[in-house]
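The structure appears below as structure tokens.
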Amino acid sequence: MLGASLAAAAGRAAQPADPPLYRCADAARVEAGRVGLTLCDAAPTPALADRAERDNLQLRPGALVVAVVPEGLAAREGLLPNDMIFRVAGSDVAGGGAASVPLAAVGAESDTLVNFLRGGRPYLVKLRRTP
């Protein structure tokens with residue numbers, strides 16, 4: 001599975017100790033319980049602004065992953081806290097609320113593609129509930 005490859009490549013550890021590239025824009029949190037995520041509206045940090053051009057990092061709106069349920073679907077497919085989701089099921093998402101709606105629709109019949117940034121670099125996972 002793609003998620004297993006991502007997990008192996010990412011080492012399944014939390015992101016490096018570098019300053020975070022995104023933070024929560026406010027205190028609001030949204031649960032995407034079906035896949036095991038807590039999200040917020042992502043806002044770029046000064047660290048991203050400093051590194052974006054130099055390191056060719058992407059700067060996008062989206063939903064910051066605040067927490068991942070350890071045995072949940074998102075964790076099994078390799079998503080980690082501080083990943084920044086910018087597209088779900090082919091549609092760009094501008095924040096936690098916008099991402100939670102299509103994530104709640106993840107089903108067992110077909111894959112739902114989730115595009116995200118980790119360390120400013122793009123990745124993709126496929127989510128599908130087990131029947």
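Here the closest non-hydrogen pair linking V93 and A98 is CG1-O, 3.7 Å. Residues A99 and A63 share a closest heavy-atom pair of CB-CB, 3.8 Å. Contact between V68 and A75 at its shortest, heavy atoms only, is CG1-CB, 3.5 Å. Scanning both residues, G97 and S100, for their nearest heavy atoms gives O-OG, 2.9 Å. Closest non-hydrogen pair, A108 versus R128, comes out as O-CD, 3.5 Å. Here the closest heavy-atom approach between residue A32 and residue L39 is recorded as CB-CD1, 4.3 Å.
Applying the disulfide bond (SG atoms under 2.5 Å apart) test to every pair with at least one member in residues 26-114, sequence neighbours left out, gives these pairs: C24-C40. Residue pairs meeting the salt bridge (Lys or Arg N to Asp or Glu O under 4.0 Å) criterion with at least one partner in residues 84-109, sequence neighbours excluded, are R60-D92, R87-D92. Sorted by first and then second residue, the disulfide bond (SG atoms under 2.5 Å apart) pairs involving residues 98-131 (not counting sequence neighbours) form an empty list. Residue pairs meeting the disulfide bond (SG atoms under 2.5 Å apart) criterion with at least one partner in residues 56-131, sequence neighbours excluded, are absent. For residues 30-42, the side chain to side chain donor-acceptor pair (under 3.5 Å) pairs, not counting sequence neighbours, are E31-T38.
Both L57 and L117 are members of a single hydrophobic cluster when ILVMFWY side chains are connected at heavy-atom separations under 4.5 Å. The same ILVMFWY cluster, assembled from side-chain heavy atoms under 4.5 Å apart, contains both V106 and V65.
Qualifying salt bridge (charged side-chain N to carboxylate O under 4.0 Å, His left out) partners for D55, counting only residues two or more places apart in sequence or in other chains: R51. Applying the side-chain contact (heavy atoms from CB on, under 4.5 Å) rule to P44 yields the partners Y22, L48, L59; only residues at least two apart in sequence or on another chain are considered. Contacts of A47 classified as side-chain contact (heavy atoms from CB on, under 4.5 Å), with partners at least two apart in sequence or in another chain: P19, L21, T45. The side chain to side chain donor-acceptor pair (under 3.5 Å) search around T112 returns none, not counting sequence neighbours.
From Y123, atom OH reaches atom CG of N115 across 13.0 Å, with rounding to the nearest 0.5 Å. Rounding to the nearest 0.5 Å places CG of N56 at 6.5 Å from CZ of R121. Rounded to the nearest 0.5 angstrom, L103 CG and L127 CG are separated by 7.0 Å. Taken to the nearest 0.5 Å, the NZ atom of K126 stands 6.5 Å off from the CG atom of L113. With rounding to the nearest 0.5 Å, the separation of CG in D111 from CZ in R129 is 13.0 Å.
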